[in-house]
Amino acid sequence: MNTNLHINNQAELEALIERYFEGETTVLEEQTMRAVLADCPWNSEMIDEARVVMGYFAAHSSQHRRHAAKGSRQRIIGIAATIALVLTVGGYALWHQLDQTDNVCIAYVNGHVVQNDDQVMAMIASDMNMIDHAADGMAEQLSSLGEALEIDN
């Protein structure tokens with residue numbers, strides 16, 4: 001049994017993993033193994049299997065997890081910017097429509113003019129639904145990321 005709880009090479013890690021799957025590790029050894037699996041550069045079938053069991057599906061280094069968190073933040077910022085743009089354009093269109101006496105609604109879609117009020121409103125509603133769906137997906141991804149990071153601690 002490794003009493004100093006330092007894993008210095010791949011063979012030591014694989015021996016600890018084997019003991020873990022046989023149910024022979026202490027809580028401290030399991031915590032050490034989890035920390036090493038998250039940060040070690042070694043790969044083997046046994047190490048990859050342990051990572052899957054421990055919940056490190058694709059992220060096996062703290063640097064990769066930080067990069068994933070940064071990418072998630074950038075996606076959220078992109079979604080927020082898109083929502084702001086849609087709301088601004090929609091607000092302007094609504095204000096402009098109310099300001100005109102002949103109540104003409106005009107939208108330009110892929111270089112074509114759409115003047116039917118119902119079509120324009122349907123497109124805006126569709127875009128808002130897509131944004132809402134994307135925001136829900138991002139919330140789920142962030143929740144999963146948070147759970148993965150909590151496993152490390």
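The basis for the numbers below is simple: all heavy atoms, side chains too, and nothing from hydrogens, waters or symmetry mates. These figures come from a predicted structure and were not determined experimentally.
- When hydrophobic clusters are built by joining Ile, Leu, Val, Met, Phe, Trp and Tyr residues whose side-chain heavy atoms come closer than 4.5 Å, directly or via intermediates, Ile83 is not grouped with Leu85.
- A search for salt bridge (charged side-chain N to carboxylate O under 4.0 Å, His left out) contacts involving Asp132 returns nothing, not counting sequence neighbours.
- Connection of Met121 to Val89 is not established within any shared hydrophobic cluster, with ILVMFWY side chains joined at heavy-atom distances below 4.5 Å, either directly or through further cluster members.
- Contact record, Val114 with Val120: O-CG2, 3.7 Å, taken as the closest heavy-atom pair.
- For the pair Arg51/Cys40, a side-chain contact is recorded, criterion being any heavy-atom separation below 4.5 Å from C-beta on.
- Nearest heavy-atom pair across Ile76 and Met138 is CG1-CE, 3.8 Å.
- Screening Glu14, Glu29, Glu30 against Arg19 for a salt bridge (Lys or Arg N to Asp or Glu O under 4.0 Å) leaves a single residue, Glu29.
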- Task: Begin from the C-alpha positions of Leu13 and Asn8 and carry the test side-chain contact (heavy atoms from CB on, under 4.5 Å) through to its verdict.
- Result: CA-CA 8 Å; Leu13 176 59; Asn8 297 316; over 6 Å; no
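- No more than 12 heavy atoms of other residues, nucleotides or ligands shown are found within 6.0 angstrom of CD on Glu45.
- Scanning all heavy atoms of the two residues, the minimum distance from Val86 to Ile131 falls at CG2-CD1, 3.8 Å.
- The two residues Ile79 and Ala134 have their closest heavy-atom pair at CD1-O, 4.0 Å.
- Contact of the Met128 side chain with the Leu87 side chain is registered, since non-hydrogen atoms from C-beta on lie closer than 4.5 Å.
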